[in-house]
Structures are given as structure tokens and as C-alpha cells.
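As C-alpha cells, the structure follows; a few thoughts come after it.
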Amino acid sequence: MFDEKFRAQYENIKAPDELYSRIMDAEAPEVKKNNTVLFRKIAATAAAAAVVLTASVFFIGRPVVPDIYIGEEKLTGEVTLSEEESPALMLARAGNEVKCELTLSIEKDTFISISEGFLFDVDGNLLLDAEEGKNFSEELFCSWNVPNADSEKQYEMTLRDKNGTYIITLSFDSFLGKWTVGLTE
């Protein structure tokens, strides 16, 4: 019963008219819109999309260099092999003939030409003569022979496919006193 009396008195309390009118006339407080979180989400999504797009253009648009081996050693642009490092690069002393055994892992139509010498297959059949070219489309095991090699000249084998042009160079390094093989794009 005490609760009912207390409740009845509480309900009879009236606010002054001035306070009542101020409360009723007051507008709802403005809600401040916080666009910072939304902006951050959009910016993060845009940045991630830009990174993915840039990476895909970089990796997809990058030409694929064919695998080239001198004997068992893979030839890259940074590696230059000499005759001591690879038994597949030989100098036949009697006639000053340089022989370079190559494995070219090509999968597409690749036009191959040599500046000088001869290109033979593993059975000794002539594949290419100097300054002529031919298309190949599968792995090629061959020997590039340059008779009467001049240590003052640089010899080139050019590989050209839809991804670009690659040049295998055969040259004499006078500092080392050895024939070397290199790859350039």
C-alpha cells in the first residue's frame, strides 16, 4: 500500500509551465554524421584495388624469358658462364673452334638466328647456318659451333618470340682469358 501512495504522489508532481514548454519546444539534437569511417573504408578498398591492378599488370605484362641451359647450368641475364665453369662450352684448340652445347626450352613459335657459325642437333645434323633463321616450337638440344673464332668479335644467337627478343652472346673475355656466354633481353 505504501507503494501505491508513493506512486500516486509521484504522478501528481507537475513541472512548472515554463520548463514543460521548453522541453516540448526543444528540437531533437542534431546527429553529427561521421563520414570519416565511411571514407576510410572506401579509401582502403580503392587502395587495395590499385595494388591488385598494378601487380597484375606488372606480372602479367612481364615477358617470360625462355629457359636456356649451357650443359646443366641455367643461363640468366646476370650469369655469365666460362669454359672452366661449364664443360658444355668448349674451345677446340687445333682449329680455334668454339662449341657451346645449349638446351633451349621454348614452347611457342620462336625464331632463332645466329650471327656466325653453325647450329647442329644432338645427332650432328645441321639446323642453321650463319645469318639464316628458322622457327622452332619445342625444346631444342643443340650445339652452336663457331669455327675460326676471333677473340676480338662477339657472336650472337637471337631468339625472338611474341614476348620479346633475347640474345645469347658468345665472346672472349680478355681480362679472364676465357670464352664466356651471356644472355641479354
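These numbers come from a predicted model, not from an experiment.
- The distance from the CD atom of Glu101 to the SG atom of Cys142 is 9.5 Å, given to the nearest 0.5 Å.
- Contact of the Val146 side chain with the Lys99 side chain is not registered, since no non-hydrogen atoms from C-beta on lie closer than 4.5 Å.
- To the nearest 0.5 Å, the span separating CG on Leu140 from CG on Leu104 amounts to 5.0 Å.
- To the nearest 0.5 Å, atom CD of residue Glu138 and atom OG of residue Ser105 are 11.5 Å apart.
- Within the model, atoms CD1 of Ile106 and CG of Leu159 stand 6.5 Å from one another, a figure rounded to the nearest 0.5 Å.
- Among all heavy-atom pairs drawn from Gly133 and Ser113, the shortest one is CA-CB, 4.0 Å.
- Shown here are the side-chain hydrogen bond (donor to acceptor under 3.5 Å, both in side chains) partners of Glu132, two or more places apart in sequence or in another chain: there are none.
- Listed for the Tyr155 side chain is a donor-acceptor partner under 3.5 Å among the backbone atoms of Asp150.
- In terms of heavy-atom proximity, Ile112 sits nearest to Leu119 at CG2-CD2, 4.4 Å.
- In terms of the side-chain hydrogen bond (donor to acceptor under 3.5 Å, both in side chains) criterion, Ser137 has no residue partners (sequence neighbours excluded).
- Two residues are said to be in side-chain contact when any heavy atoms from C-beta on lie closer than 4.5 Å; Cys100 and Val181 meet this criterion.
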**OP:** Could you go through the side-chain contact (heavy atoms from CB on, under 4.5 Å) check for Asp161 and Tyr166 one step at a time?
**Re:** CA-CA 9 Å; Asp161 63 14; Tyr166 313 96; 3.8 Å; yes
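- Under the 4.5 Å side-chain criterion, counting only non-hydrogen atoms from C-beta, Ile68 is in contact with Ile168.
- Residues passing the side-chain hydrogen bond (donor to acceptor under 3.5 Å, both in side chains) test with Ser143, sequence neighbours excluded: Asn145.
- Remark: Asn135 pairs with Phe111 by the side chain to side chain contact (heavy atoms under 4.5 Å, CB included) rule, at least two apart or across chains.
- Under the rule for a side chain to side chain contact (heavy atoms under 4.5 Å, CB included), the partners of Phe118 that lie at least two apart in sequence or sit in another chain are Phe120, Leu126, Asp129, Pro147.
- For Met157 against Trp144, the heavy-atom pair with the smallest separation is N-CH2, 3.6 Å.
- The side chain to side chain contact (heavy atoms under 4.5 Å, CB included) check on Asp121 picks up Asp123, Asn125, Leu127, with sequence neighbours excluded.
- Scanning for side chain to side chain contact (heavy atoms under 4.5 Å, CB included) contacts around Glu156 gives Ser115, Gln154, Ile167, Thr169, with sequence neighbours left out.
- Every residue was checked against the salt bridge (charged side-chain N to carboxylate O under 4.0 Å, His left out) condition with Lys134, not counting sequence neighbours, and none meets it.
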